[in-house]
Amino acid sequence: MIPPESLQEAALTAWRPQDPVGAIRPHPAWADLDHAGRLALYEATIRARVLEAALNLNGLTPTGRAVMARILRRAGT
Amino acid sequence: MMDPDALLPAIAAGDDQAFEAWLAGAEHRVRLSLRRFAAYVDTEAVLQEALLRVWQVAPRVKADGQHDPLLRLAIRIGRNLAISDLRRARLTPVDVEELERLAASDPGPPEPRVGDPLLRRTIRECRDLLPTKPGLALTARLQNAGTEPDNALAVRLGMRLNTFLQNITRARRHLEDCLRRRGIDLVVELA
């Protein structure tokens, strides 16, 4: 159980569950956020990804790396 | 940052490294295009799914004389996915149509400024000043890059999940405070 004050941080990760056919689904913590919390999460994610891209040699955010990992996994490489 | 139009032939031919280079420049702009939907759909999930679909259809994308056709495609796919999620969430049809109309009338996203080398260097210097536990938690998340849930990362660091999350929040706060002391406000940089 994630306490309310940590829901935003929990949903800030780039990790997302997949459904049985491999589609990317919402983070469980996102569903527990209210309207204002979701808007705040969106703005916080923009700031976070800028910081995170700067800390990656190729300028990729965790979002970009998660996408590339799925592409490479599907390609079997 | 590579010219996205120069990358298109390699991406269409299935070159994943070329796609990665395009992704580094495009992600921020696609995310901005989803702002109208942020209260109703998980834009992170929509964004990742849209970028994956761009990769899947890229072999059929042709240069059309306009700048960066893949970016325009990604924005269109992202909005369509968001609208599908909205319909699935049974938002009233009026709300969906209104959001769709507003999103379509949004101006195109601005050129990103986040590739600025000075900004990148300053962020790295501030990262090196993080206290130990927040630094460890943030590093774990960054290294993992969304391949595992936070529960798994917290266990590996010997932290409870909520402690892990609190440490990452502290790390972000330290980074943003450090940047402000050096005259950088991320909100202004992204405006």
Side-chain angles (χ1 to χ4, degrees), chain A residues 1-3 5-18 22-31 33-56 58-75 77, chain B residues 1 14 16 19-21 23-25 27-28 31-32 34-35 37-49 51-52 55-56 85 112 114-115 119-124 126-127 138-139 141-142 144-150 153 161-162 165-166 168-169 172 175-176 179 186-187 189-190:
Chain A
M1 183 69 183
I2 299 170
E5 65 274 16
S6 293
L7 285 174
Q8 178 176 304
E9 187 57 63
L12 256 169
T13 173
W15 176 82
R16 288 295 180 274
Q18 283 182 273
I24 300 167
R25 304 306 306 152
H27 194 288
W30 178 86
L33 285 166
D34 62 13
H35 187 98
R38 291 173 180 182
L39 291 176
L41 168 68
Y42 175 80
E43 300 300 335
T45 306
I46 289 175
R47 292 198 304 279
R49 296 295 182 260
V50 172
L51 291 174
E52 293 160 351
L55 297 173
N56 178 266
N58 298 326
L60 272 188
T61 69
T63 300
R65 291 171 61 206
V67 169
M68 290 310 302
R70 288 185 198 259
I71 286 171
L72 297 175
R73 220 167 28 239
R74 286 177 188 184
T77 55
Chain B
M1 196 175 294
D16 55 66
F19 186 72
E20 184 178 290
L23 194 55
E27 178 199 318
H28 180 65
R31 191 186 301 277
L32 290 179
L34 295 169
R35 173 170 266 127
F37 302 99
Y40 309 102
V41 302
D42 181 359
T43 53
E44 175 70 31
V46 167
L47 175 63
Q48 289 188 27
E49 187 67 39
L51 294 169
L52 273 175
W55 167 252
Q56 288 162 350
D85 279 2
V114 294
L119 175 62
R120 289 168 65 90
R121 196 179 69 211
T122 309
I123 291 172
R124 287 176 192 192
C126 286
R127 186 266 320 265
L138 184 66
T139 300
R141 240 214 205 152
L142 293 180
N144 189 262
T147 56
E148 286 177 288
D150 284 337
L153 309 182
L161 175 59
N162 196 40
L165 295 171
Q166 287 170 343
I168 296 186
T169 300
R172 291 191 202 290
L175 278 175
E176 293 198 18
L179 289 170
L186 280 182
V187 176
E189 291 295 324
L190 293 166

Donor on one side chain, acceptor on other, A:T63 and A:R49, under 3.5 Å:
yes

Can A:S6 and B:Q166 be counted as having a side-chain donor-acceptor contact under 3.5 angstrom?
no

Measure distances from A:D34 to the heavy atoms of chain B and classify the residue's part below 4.5 Å as side chain, backbone, both or neither.
neither

Interchain contact, [X] with chain A, by part (heavy-atom threshold 4.5 Å):
| X | result |
| --- | --- |
| B:R35 | both |
| B:E27 | side chain |
| B:L153 | neither |
| B:R127 | side chain |

What option among [options] has the most heavy-atom pairs under 4.5 Å with chain A?
| options | result |
| --- | --- |
| B:T147, B:L52, B:L175, B:N144 | B:L52 |
| B:V41, B:T43, B:L161 | B:V41 |
| B:R172, B:E49, B:E176 | B:R172 |

Would you say A:H27's side chain and A:A10's backbone share a donor-acceptor pair under 3.5 angstrom?
yes

Could you tell me whether B:R141 and A:E9 have a side-chain N and a carboxylate O separated by less than 4.0 Å?
yes

From A:R65 CZ over to A:L72 CG, what is the distance, rounded to the nearest 0.5 angstrom?
12.0 Å

